[in-house]
Amino acid sequence: MFSVVTKYHKGRHSLFLYNSEIFYAFTQDILRSPSLNTQDNISEIKDYLTDYTQSGEFRASLNDGSIASVQHLKNEILRGLVVQKFFYAKQCGVKLTIEIANTDFILSHGVTVAVRIIGNLLDNAIEQAQKMTDKIVTVAFNEIDNTAEIAISNPIDSDFNQHQIFETGYSTKGSNRGLGLTNVRDLVEQQKGFYMDIETKKNYVTMTLIVTEDK
């Protein structure tokens with residue numbers, strides 16, 4: 001029995017060390033992220049990462065593999081964005097769940113535009129989730145044949161209007177704060193092979209960016 005328990009703890013320790021190495025690599029992605037374009041932003045993230053890595057929550061995150069799955073995102077700036085938003089969500093008291101199949105996910109074109117779109121959608125979802133009882137946002141990555149899908153789900157309240165969300169000035173975060181979603185609409189319309197799908201179900205909204213192979 002002792003040997004089995006010892007092997008179990010050694011395995012968990014090895015997993016923690018492995019995920020710690022992954023985490024360090026991801027922090028470098030964060031600091032290289034184009035969205036961190038000021039020294040103040042970089043300093044703030046560095047301070048937060050220092051405090052967070054000394055917490056019990058950090059060990060729990062690594063042990064359950066919730067952040068390690070990001071290694072399957074093979075576009076560096078997309079990976080950096082997701083890790084950045086993972087910690088931003090924690091700062092906001094929101095849990096960002098990352099779902100990726102056990103295969104590599106890569107966008108073949110339009111990566112910079114996709115990062116801007118996903119960044120806007122995640123910011124909007126996280127800030128909306130802050131106001132809800134269910135403070136969970138999910139971002140899921142999937143590839144089917146030559147089509148990549150990035151879906152973001154978050155809880156919504158009775159004020160949510162699916163038919164108005166991309167109008168200038170409308171936002172699930174309040175009046176006059178809808179420029180982010182308006183930018184999403186414009187970016188999708190301007191980028192070849194980009195499409196947006198919206199679905200509401202059981203007090204949740206899922207916004208899916210669909211990227212087809214560039215011909």
Kindly compute the distance separating CD (Gln91) from CD1 (Ile126), expressed to the nearest 0.5 Å.
10.0 Å
Please step through side-chain contact (heavy atoms from CB on, under 4.5 Å) for the pair Phe105 and Asn142, ending with a clear verdict.
CA-CA 7 Å; Phe105 179 95; Asn142 190 34; 5.7 Å; no
Can any side-chain N or O of Thr212 pair as donor or acceptor with the backbone N or O of Gly193 at less than 3.5 Å?
yes
To the nearest 0.5 Å, tell me how far Cys92 SG sits from Lys131 NZ.
13.0 Å
Under 4.5 Å between side-chain heavy atoms, counting indirect links through other Ile/Leu/Val/Met/Phe/Trp/Tyr residues: same cluster for Leu181 and Tyr204 or not?
no
Count I, L, V, M, F, W, Y as connected when their side-chain heavy atoms are under 4.5 Å apart, and connections chain through other members. Are Val115 and Val188 then in the same cluster?
yes
Answer whether the closest heavy-atom distance between the side chains of Glu99 and Thr138 falls below 4.5 Å.
yes
First locate atom CD of Glu143, then atom CG of Asp145, and finally report the distance between them rounded to the nearest 0.5 Å.
10.0 Å
Let's go through Val211 and Thr147 carefully: what are the C-alpha distance in whole Å and the side-chain angles of both, what is the deciding distance for side-chain contact (heavy atoms from CB on, under 4.5 Å) to 0.1 Å, and is it a yes or a no?
CA-CA 6 Å; Val211 181; Thr147 300; over 6 Å; no
Group every Ile, Leu, Val, Met, Phe, Trp and Tyr by side-chain heavy-atom contacts under 4.5 Å, then state whether Ile210 and Leu187 land in the same group.
no
Mind checking whether Lys74 and Leu107 have side chains closer than 4.5 Å, heavy atoms only?
no
Are Phe87 and Ile77 grouped together when hydrophobic residues (ILVMFWY) are joined by side-chain heavy atoms under 4.5 angstrom apart?
yes
Side chains of Thr206 and Ile198: closer than 4.5 Å at any heavy-atom pair?
no
Looking only at non-hydrogen atoms, find the nearest pair between Ile100 and Ser69 and report the distance.
CD1-O, 3.4 Å
Interatomic spacing from CD1 in Ile118 to CG in Asp123 - rounded to 0.5 Å
11.0 Å
Less than 4.5 Å apart, any side-chain heavy atom of Met196 and any of Val184?
yes
Side-chain touch Leu122/Leu96, heavy atoms, less than 4.5 angstrom
yes
When you compare the side chain of Val137 with that of Thr97, does any pair of heavy atoms fall below 4.5 Å?
no
Expected output: side-chain Asn124 to main-chain Asn120 donor-acceptor under 3.5 Å
no
Sorted by chain and residue number, the side chain to side chain contact (heavy atoms under 4.5 Å, CB included) partners of Met132 (sequence neighbours excluded) come out as Gln128, Pro155, Asp157
Does any part of the side chain of Val94, heavy atoms only, come nearer than 4.5 Å to the side chain of Tyr88, both counted from C-beta?
no
Contact check, side chains of Gln71 and Arg79, non-hydrogen atoms, under 4.5 Å:
no
With the 4.5 Å side-chain cut-off for hydrophobic clustering, are Ile136 and Ile150 part of the same group?
no
Got a second to check how far Glu76's CD is from Ile106's CD1, nearest 0.5 Å?
11.5 Å
Dump the intermediate steps for side-chain contact (heavy atoms from CB on, under 4.5 Å) on Phe194 and Ile117, then the final yes or no.
CA-CA 10 Å; Phe194 276 34; Ile117 293 171; 3.8 Å; yes
At what distance, to the nearest 0.5 angstrom, does CD of Glu149 lie from CD1 of Ile144?
5.0 Å
